Amino acid sequence: MHCKLVKLHQYSGEKASVYSLNIEKYQKTLFDIFLEENTSSFKSEIKEIMRYITLISTKTGARTSYFKEQEGGRGSENLFALFDETDRNLRLYCLNYGTEIIILGGGGYKDSSISALQDDPKLKKENYILRSLCREMDKRIREGNIEYTADYLDFVADSEDDFEFEIEIE
Amino acid sequence: MKKMSKPKEYTSKISEELFQEMTEKEWENTEKKMLLAARIDEAIKRKGWSKKRFAYEIDKSPSEISKWLSGTHNFTTESLWQIENLLNIRLINLGHEDNTAEIANLKLIITSTHVRMLNRREKLPTSYDEEFSFPPITIPTSNESSKQHYQA
């Protein structure tokens, strides 16, 4: 599926920039889809996640202690889970680049009976989308197609095409 | 050649609607939780400890410490005191309340032959264990002989 990396200006601030992947077919980002899928059942938690992300970008930066690490396995070391606590219902996947850049993916309801994400089809799908994006981003950064700005708050490239991806989304 | 292209900006309509529903109090509560977690995290680092070491020292599991530092946790006061003592930081401010007492009014009772001052030489209290003094005052009377100076 054809996707584009976009900057979520409503969530970005001086401490961090927040991005997501815009799915061309749906004309929506992965994060917007996450909000739409979960607002009716978990509105209060959704709003807390939104405040959390905004405060990360405006006040605190993306501190590693705010994220659950090692959600992506080998080759996807930048993949974290946000807001993934035992007393919370939702899990949101994201990619972190230092404390200054976050790429928000999707996520979903996290059943407490599930021990491995692969046991939950929805979480597995969302997690694997970000694994694909992570591998492709790492490749483009490694090859110099995508770089960081001097303050590490943004990505830059030679062309906007460098922010387009073909990601397998079931 | 310097790279100049950046990802396009995206406006989320659903986010806009949800942001409008949020109260100042909700923002404040979320911010406080996150800043508290950050302060504890920084204090652990200053001590040169890993999170595992901190968990051991405070007799909690590493997963509980991860929760503490996530920025989503609601701490009990007992936990905060424990953390304060171990990391030698201040998280709860129990500064003294302002105990300045208002000076209500100074009563001056005047009769035809004498004057009685209720607040004499004593200092008026401005706090529970503090006082201040009145300046001396002279109250003239019509009869010179009964003229007296009174000092508060």
Side-chain angles (χ1 to χ4, degrees), chain A residues 4-12 17 19-20 22 28-29 31-33 35-36 39 43-44 46-56 58-61 63-69 82-88 103 144-149 154-164, chain B residues 1-46 49-52 54-55 60-76 83:
Chain A
K4 221 181 238 187
L5 191 68
V6 291
K7 186 169 181 177
L8 305 185
H9 66 93
Q10 293 149 304
Y11 291 91
S12 297
S17 293
Y19 294 85
S20 191
N22 194 17
K28 281 178 199 172
T29 62
F31 185 58
D32 260 8
I33 294 169
L35 296 180
E36 286 176 4
T39 295
K43 196 174 200 183
S44 139
I46 282 288
K47 284 158 80 175
E48 197 175 353
I49 289 172
M50 291 169 62
R51 287 194 295 273
Y52 196 72
I53 293 165
T54 310
L55 288 164
I56 281 174
T58 56
K59 300 273 181 179
T60 65
R63 303 180 66 90
T64 47
S65 59
Y66 289 160
F67 299 85
K68 194 173 169 196
E69 298 175 274
L82 194 64
F83 226 72
D84 184 16
E85 296 302 328
T86 48
D87 57 349
R88 298 293 198 277
I103 301 177
N145 299 111
I146 292 178
E147 291 179 357
Y148 299 99
T149 52
D154 284 295
F155 292 119
V156 282
D158 283 324
S159 143
E160 280 179 22
D161 293 345
D162 288 310
F163 297 119
E164 296 188 10
Chain B
M1 190 176 142
K2 200 177 171 186
K3 294 186 188 336
M4 296 294 286
S5 290
K6 290 184 179 180
K8 276 202 164 76
E9 289 204 340
Y10 174 93
T11 299
S12 164
K13 196 166 176 287
I14 184 175
S15 296
E16 206 60 57
E17 290 164 5
L18 290 169
F19 274 133
Q20 281 175 14
E21 292 178 17
M22 295 182 202
T23 65
E24 211 172 292
K25 196 74 194 162
E26 285 173 327
W27 279 103
E28 200 183 308
N29 286 345
T30 306
E31 185 177 344
K32 277 181 180 170
K33 282 194 272 190
M34 291 175 75
L35 291 178
L36 183 58
R39 192 185 282 193
I40 296 168
D41 190 29
E42 287 300 319
I44 295 169
K45 285 175 181 154
R46 269 200 307 275
W49 286 352
S50 65
K51 289 189 192 63
K52 224 178 197 174
F54 176 64
K60 298 281 180 195
S61 66
S63 63
E64 189 148 7
I65 301 305
S66 292
K67 195 173 174 185
W68 280 8
L69 302 181
S70 69
T72 63
H73 187 62
N74 288 313
F75 288 90
T76 61
I83 296 166

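Each chain gets a letter, A, B and so on, in the order its sequence line appears, and its residues count up from 1. Worth saying up front: this structure is predicted, and the values here are computed from it rather than measured.
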Out of B:Thr30, B:Ile65, B:Leu35, B:Asn29, which one racks up the most heavy-atom pairs below 4.5 Å with chain A?
-> B:Thr30

Name the region of A:Thr39, side chain, backbone, both or neither, that has any atom closer than 4.5 Å to a heavy atom of chain B.
-> side chain

Considering only heavy atoms from C-beta outward, does the side chain of A:Lys47 approach that of B:Glu21 to under 4.5 Å?
-> yes

Under 4.5 Å to a heavy atom of chain B? For A:Leu82 that would be neither

More than 12 heavy atoms from other groups under 6.0 Å of NZ on A:Lys7 = yes

Proximity breakdown for B:Thr11 and chain A, heavy-atom pairs closer than 4.5 Å = both

Side-chain donor/acceptor of A:Gln10 to backbone N/O of B:Ser12, under 3.5 Å = yes

For the student: nearest non-hydrogen atoms of A:Tyr52 and B:Gly71, plus distance | CE1-O, 3.8 Å

How far does CD1 of B:Ile14 sit from CD of A:Glu36, to the nearest 0.5 angstrom?
-> 5.0 Å

For the student: nearest non-hydrogen atoms of B:Ser15 and A:Leu35, plus distance | OG-CD1, 3.3 Å

Would one find more than 12 heavy atoms of other residues, nucleotides or ligands at under 6.0 Å from atom NZ of B:Lys67?
-> yes

Which portion of B:Glu42 sits near chain A, non-hydrogen atoms under 4.5 angstrom = both

Hey, are the side chains of B:Lys33 and A:Arg51 touching, using non-hydrogen atoms and a 4.5 Å cut-off?
-> no

Region of B:Ala38 that comes under 4.5 Å of a non-hydrogen atom in chain A | both

Assess whether atom NZ of B:Lys45 is packed by more than 12 heavy atoms of other residues, nucleotides or ligands within 6.0 Å.
-> yes

Step by step, work out the side-chain contact (heavy atoms from CB on, under 4.5 Å) result for A:Asp32 and B:Lys13.
-> CA-CA 9 Å; A:Asp32 260 8; B:Lys13 196 166 176 287; over 6 Å; no

Give a yes or no on whether B:Glu24 atom CD has more than 12 heavy-atom contacts from other residues, nucleotides or ligands under 6.0 Å away.
-> no

Taking A:Arg88 for its side chain and B:Thr72 for its backbone only, find out whether a donor-acceptor pair lies under 3.5 Å.
-> yes

Heavy-atom contact with chain B under 4.5 Å, split by part of A:Ser12 | neither

About how many Å separate CG of A:Asn22 and OH of B:Tyr10, when rounded to the nearest 0.5 Å?
-> 5.5 Å

Look up atom CE in B:Met34 and atom CG in A:Leu55, then write down how far apart they are to the nearest 0.5 Å.
-> 5.0 Å

Portion of A:Glu164 that has a non-hydrogen atom of chain B nearer than 4.5 angstrom | neither

Does A:Tyr66 reach the main-chain N or O of B:Ala37 with its side chain, forming a donor-acceptor pair under 3.5 Å?
-> no

Shortest non-hydrogen contact between B:Asp41 and A:Ser65, atoms and distance = OD2-OG, 3.4 Å

What about A:Tyr11 and B:Phe19, are their ring centers closer than 6.0 Å?
-> yes

Chain B contacts, top residue of A:Glu160, A:Lys28, A:Met50 (heavy-atom pairs, under 4.5 Å) | A:Met50

Criterion side-chain contact (heavy atoms from CB on, under 4.5 Å) on B:Leu69 and A:Arg63, from CA distance to verdict | CA-CA 10 Å; B:Leu69 302 181; A:Arg63 303 180 66 90; over 6 Å; no

For B:Lys6 and A:Phe155, which heavy atoms make the closest approach, and how far apart are they?
-> CG-O, 3.5 Å

When rounded to the nearest 0.5 angstrom, what is the spacing between CG in A:Leu5 and NZ in B:Lys8?
-> 12.5 Å

